[in-house]
Amino acid sequence: MVFYAYVKQITDNVTYRYVITFASREVADEWWRAVSTSAVTSFVTSVQRVNAQFYTHNVNVANAANSLTTTGVATQFLGKVFFTLLNDLGGRGLSIIPRLGHCADYISGKSFFIRSKVAPHDYWYYPPCSNATNAVCVSRTERTRFTVNRTDSGTAGTVMIGSDNVVITLTTVDLSVNVNATTGQVILSLAPLSGLTFSTLLTNFTVGPSLSVNGETVKELLYTENGEEWELA
């Protein structure tokens, strides 16, 4: 699904305003990672991210649109991203990007609910009482907030992309998401799941059979290579 964002000139309110079309939300975040960490410092200085759908740039330093054709910046996205120059302010025309029903900003260190993309009422839930196995479940009536962090030091506050190693923890107790190696059931433990990437979080979990925990009916959450799609909310 294509994803859109605006970028405007930071030094005036008249010129160099673009709509950026990305092949997907994931491509948008990966493009930003490439630009913001580029060895071409003029782009690092010029292009700034306000949120997932709004950027600024200073074309006197570097034009964001040129990131796709400047060696060492983001040329690998030439076939996945394009920029459309909007009318200047006097043109009185503005292309309105489509409204998104939901768009959480995937910032490392923030807390989120984790829910199914195909069944948005299904949330990850940790029943706090009478949960001898420390199992994380899926519920349609309850939900638990989790903190998602990149494991690399000094990355708090950065946008997470698919290849990032991450750790998922409860917001209230220092327990992390792990997997029972025998059953594949998702559990909480003192040690986080090793090798968990952000893309794995969004694709490698699935809903299992129903079970009763603390008198309520929930479903197991299982780890599998052929999982369902999940999103942060």
### Message
Going by the rule salt bridge (Lys or Arg N to Asp or Glu O under 4.0 Å), which residues pair with R140 if we only count those two or more places apart in sequence or in a different chain?
### Response
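Checked R140 against salt bridge (Lys or Arg N to Asp or Glu O under 4.0 Å); matches are D122.
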
#### Entry: Test ring pair (Phe, Tyr, Trp, His ring centres under 6.0 Å) applied to F198 - qualifying residues, sequence neighbours left out
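For F198, the residues satisfying ring pair (Phe, Tyr, Trp, His ring centres under 6.0 Å) (neighbours in sequence not counted) are Y106.
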
What are the two closest non-hydrogen atoms of [X] and [Y], and how far apart are they?
| X | Y | answer |
| --- | --- | --- |
| V35 | V47 | CG1-CB, 4.0 Å |
| W124 | I168 | CZ3-CD1, 4.3 Å |
| G208 | L222 | CA-CD1, 3.9 Å |
| S163 | T197 | O-CG2, 4.2 Å |
| Y123 | E142 | CB-O, 3.9 Å |
| A34 | Q76 | CB-NE2, 3.9 Å |

Is it possible for you to say whether [X] and [Y] belong to one hydrophobic cluster, with membership spreading through side-chain heavy-atom contacts below 4.5 Å?
| X | Y | answer |
| --- | --- | --- |
| L78 | F82 | no |
| V44 | V7 | no |
| V40 | W32 | yes |
| F113 | L188 | no |

Do [X] and [Y] have a side chain donor and acceptor closer than 3.5 Å?
| X | Y | value |
| --- | --- | --- |
| Y223 | N180 | no |
| S36 | R49 | no |
| T56 | Q48 | no |

### Task
Ignoring hydrogens and angles, tell me if any N or O in the side chain of Q53 forms a donor-acceptor pair with the backbone of Y4 under 3.5 Å.
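It does hold such a pair.
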
#### Entry: S111 backbone acceptor or donor facing R145 side chain under 3.5 Å
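Yes; judged by distance alone, with no hydrogens or angles, the pair exists.
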
Does a side-chain heavy-atom distance below 4.5 Å link [X] with [Y]?
| X | Y | answer |
| --- | --- | --- |
| P127 | C137 | yes |
| V166 | M160 | yes |
| T69 | T75 | no |
| E220 | V207 | no |
| V59 | H57 | yes |
| V186 | F205 | yes |
| L201 | I114 | yes |
| F77 | L68 | yes |

### Query
Mind checking what makes side-chain contact (heavy atoms from CB on, under 4.5 Å) contact with N58, not counting sequence neighbours?
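Result, side-chain contact (heavy atoms from CB on, under 4.5 Å) vs N58: Q9, I10, T11, S46, N60, V61.
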
### Query
Would you find more than 12 non-hydrogen atoms of other residues, nucleotides or ligands less than 6.0 Å from F3 atom CZ?
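Yes, enclosed.
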
### Message
Here's one to test your reading of the geometry: is the NZ or CZ of R143 within 45 degrees of the ring axis of Y125 and under 6.0 Å from its centre?
### Response
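Judged by the rule (NZ or CZ under 6.0 Å from the ring centre, within 45° of its axis), R143 is not positioned above Y125.
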
Output every pair passing salt bridge (charged side-chain N to carboxylate O under 4.0 Å, His left out) with a member in [range], not counting sequence neighbours, ordered by first then second residue.
| range | answer |
| --- | --- |
| residues 58-87 | none |
| residues 31-48 | R33-D164 |
| residues 166-184 | none |
| residues 53-72 | none |

### Message
Considering only residues two or more places apart or on different chains, which pairs with a residue in residues 152-181 satisfy ring pair (Phe, Tyr, Trp, His ring centres under 6.0 Å)?
### Response
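Qualifying pairs, neighbours excluded: none.
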
### Query
What pairs of residues pass the ring pair (Phe, Tyr, Trp, His ring centres under 6.0 Å) test when at least one of them lies in residues 149-173, not counting sequence neighbours?
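Found none.
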
### Query
Hey, what do you get for OG1 (T206) to CD (E225), rounding to the nearest 0.5 Å?
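Between atom OG1 of T206 and atom CD of E225 there are 13.0 Å.
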
### Task
With sequence neighbours left out, write down each residue that passes side-chain hydrogen bond (donor to acceptor under 3.5 Å, both in side chains) with T15, or none if nothing qualifies.
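Result, side-chain hydrogen bond (donor to acceptor under 3.5 Å, both in side chains) vs T15: D12.
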
### Query
Excluding sequence neighbours, so at least two apart, what forms side-chain hydrogen bond (donor to acceptor under 3.5 Å, both in side chains) with N149?
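With sequence neighbours excluded, N149 shows a side-chain hydrogen bond (donor to acceptor under 3.5 Å, both in side chains) to no residue whatsoever.
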
### Message
Please evaluate residues L175 and L190 with respect to the criterion side chain to side chain contact (heavy atoms under 4.5 Å, CB included), reporting the C-alpha separation (whole Å), side-chain torsions for both, the decisive distance (0.1 Å), and the verdict.
### Response
CA-CA 5 Å; L175 292 174; L190 293 175; 3.8 Å; yes

### Message
Using the side chain to side chain contact (heavy atoms under 4.5 Å, CB included) definition, which of the options N134, N178, V177 pairs with S189?
### Response
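Testing each of N134, N178, V177 against S189, the sole residue satisfying side chain to side chain contact (heavy atoms under 4.5 Å, CB included) is N178.
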
### Task
Might you work through the side chain to side chain contact (heavy atoms under 4.5 Å, CB included) test for L170 and T144, ending with a clear yes or no?
CA-CA 8 Å; L170 284 179; T144 300; 3.6 Å; yes

### Message
Using the ring centroid of each side chain, check whether Y55 and W31 are separated by less than 6.0 Å.
### Response
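Yes - the distance between ring centres of Y55 and W31 falls below the 6.0 Å cut-off.
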
Could you list the donor-acceptor pairs under 3.5 angstrom formed by side chains in residues 18-25, with sequence neighbours left out?
from: Y18; atom 1: OH; to: N63; atom 2: ND2; distance (Å): 3.0
from: S24; atom 1: OG; to: E26; atom 2: N; distance (Å): 3.4
from: S24; atom 1: OG; to: E26; atom 2: OE1; distance (Å): 3.3
from: S24; atom 1: OG; to: V27; atom 2: N; distance (Å): 3.1
from: R25; atom 1: NE; to: D29; atom 2: OD2; distance (Å): 3.3
from: R25; atom 1: NH1; to: A104; atom 2: O; distance (Å): 3.1
from: R25; atom 1: NH2; to: A104; atom 2: O; distance (Å): 2.8

